[in-house]
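This one's a predicted model, so the numbers in the text were calculated from it and none came from an experiment.
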Amino acid sequence: YRPYLSAEASVGQEIEPLGTKTSISGATLKVLDTGEWLTTRLKTTDLNLALARKRVRLLLGLTGLQESEYQPVFSGAIADYGYENRAYTLRLGDHYFAAKVRQQTAKTTLQAAWTTGVSTTLKIPTNVYVLNAEDVAVNGYLRVDSDILKFTGDTNDSATAYQLDGAVDGQFSTTAANHANAAVAEELWVDDGTHPLTIALRLLLSDAGSAATGAYDIYSEVTYTGSAASTRTFRRRGLGMSPTDVAVGEIESLRDNKFAGYQFRLFVEEPIADLKDFVEREILRPLGCYFVTKSDGRLSIASHKIPAAADVVYMIDPSQCSRPEWRIAHDDIVNYLSSEYDWNPATKEYDGQYLATDATSAATYGLRKREGTFRGVDGAYASTTILDNWKTDIFARFKDPYITVEVTCGLYESLVEIGDAVYFTHMELPNVSTGLRGIVEQKWQVVGRRFDLRAGRTTLTLADVSRA
């Protein structure tokens, strides 16, 4: 289908200066539906209201090029749409929009009493989903009263209940105890000893589970339905993204190089209200990482580590840019870090605290604190190394005032991505290293990017990393 399109809004993305949160980018397209193709698809038997969240890929090319030579500039989903004067207006959100979904965990009641030292199975109601531990080889857990019980498999039992097999009580330093029939049971989702970026990939890519669509399609949920609970039923536990929409190789490279050997023990004790926020808060923040959207629309992850000169990928031509806007921000200075870590599921408290200070920055600018709680960082898995590296990357970037430049360039710069290191020259901008005007081939990093689809212009936000 090749409708007549016009662009109504730009595609863009920004990361927060302290940055584990990434804005959701979007675009607005107007489609003149001359062939009534889209209207036909609104029939109840076709897409109808399901058109929302359908996947969209937007490609850009100059007149005369073959379609195979067009460059992808956006990939995402339809957020909403409207109709006026024979044209549809589609408002699109990128993959971060699709990631803002709720992930449920089970809360139910036991269907039979548990006797410590005797029982080896737990019974819960049919149609209640729990982690598919049997096919994933990842233990499942339930908290009953103050006791945490592990299970490793499942079997059908009756029309109203099914069994969780291989059950053992007294996990994670809790006290094994008897539990009455109808006792409240709450699922505790644990990924123990796994690399945090592997957990992130699993959450993004898990769909059918059990590696059905790839190595990271791991998580799924299971229950029993039907007469005498005869039907074993599954659903996804994760976002279910296509591997073609995720820069899997880039994330694996970041995992295997900068963060080699990292392990988390991640506890999820309540339903996840927002999967995007959860991954940013519990997985990316302790690493000093953030989500990025690549120029081809794929989702990736980048690090706050200051890029080296060898990492520079592009030189911005000042003759092709508009007059830049230079800013310096003192509010984003960080010279004191405080974090709680080593979550104890028995007490529901953190057992560890990490403190770090950059004395020079604190003496110059006053104490500027950043606090956090890291549930996945555990004392059993080199927590000091993880937190020391986090401190190094945060202080290197934020112990001094944060300097940015916003500059509007041409069409070609749409291929520059957030996280890219670039050389930037401009003879009118202040040079804080010399106290004079003029910077020549200084190293800056792209931290924001907007592409105006109508004007064919790219606006980049650059952060000064030449002094780090």
Side-chain angles (χ1 to χ4, degrees), residues 15 18-20 22 136-139 190-206 211 214-219 238-239 241 243 246-268 278-292 294 298-313 334 337 339-343 352 354 356 370 372-398 417-421 443 445 447 465 468:
I15 61 170
L18 291 180
T20 56
T22 307
V136 178
V138 174
N139 292 328
V190 184
D191 203 319
D192 190 0
T194 304
H195 196 290
L197 292 182
T198 298
I199 297 175
L201 284 168
R202 289 176 176 179
L203 287 170
L204 294 173
L205 297 172
S206 285
Y216 298 106
D217 182 5
I218 295 297
Y219 302 135
L239 190 57
M241 291 182 64
V246 179
V248 175
E250 282 191 7
I251 298 173
E252 288 176 332
S253 178
L254 187 66
R255 177 195 65 190
D256 299 339
N257 291 285
K258 176 170 173 51
F259 300 112
Y262 278 30
Q263 291 175 285
F264 270 21
R265 178 180 285 160
L266 184 61
F267 295 92
V268 180
F278 175 82
V279 174
E280 289 176 327
R281 183 183 69 250
E282 298 293 351
I283 298 177
L284 302 187
R285 183 175 296 172
L287 305 181
C289 288
Y290 51 91
F291 279 129
V292 293
K294 297 178 63 63
R298 290 182 300 156
L299 183 152
S300 188
I301 294 171
S303 166
H304 267 313
K305 181 181 180 182
I306 299 296
D311 297 324
V312 173
V313 298
V334 178
L337 291 170
S339 173
E340 292 182 304
Y341 68 99
D342 207 357
W343 176 254
Y354 180 86
R370 186 185 184 193
T373 56
F374 300 151
R375 187 168 291 191
V377 179
D378 192 275
Y381 298 118
S383 55
T384 302
T385 299
I386 293 173
L387 293 168
D388 281 346
N389 291 339
W390 170 64
K391 171 202 70 176
T392 298
D393 288 346
I394 295 299
F395 282 169
R397 184 176 291 267
F398 298 116
E417 300 173 342
I418 288 181
D420 281 350
K443 184 177 59 175
Q445 188 173 28
V447 295
V465 293

Testing the basics here: between [X] and [Y], what is the closest heavy-atom pair and its distance to 0.1 Å?
X: Ile199; Y: Thr194; answer: CG1-CG2, 3.8 Å
X: Val246; Y: Leu201; answer: CG1-CD2, 4.2 Å
X: Phe291; Y: Leu284; answer: N-CD1, 3.8 Å
X: Lys294; Y: Ala247; answer: CD-CB, 3.7 Å

Given side chains that start at C-beta, do those of [X] and [Y] come closer than 4.5 Å, heavy atoms only?
X: Trp390; Y: Tyr354; answer: yes
X: Pro286; Y: Tyr341; answer: no
X: Trp343; Y: Asp378; answer: no
X: Ile251; Y: Ser300; answer: yes

Would you say the side chains of Asp388 and Thr384 form a donor-acceptor pair under 3.5 Å?
no

Check: Tyr381/Asp192 side-chain N/O donor and acceptor closer than 3.5 Å:
yes

Presence of salt bridge, Lys305 and Asp311, under 4.0 angstrom:
no

Strictly distance-based, threshold 3.5 Å: is any side-chain N or O of Ser206 a donor or acceptor partner for the main-chain N or O of Tyr219?
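Yes; judged by distance alone, with no hydrogens or angles, the pair exists.
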
Are any side-chain N or O atoms of Glu282 and backbone N or O atoms of Arg375, one a donor and one an acceptor, separated by less than 3.5 Å?
yes

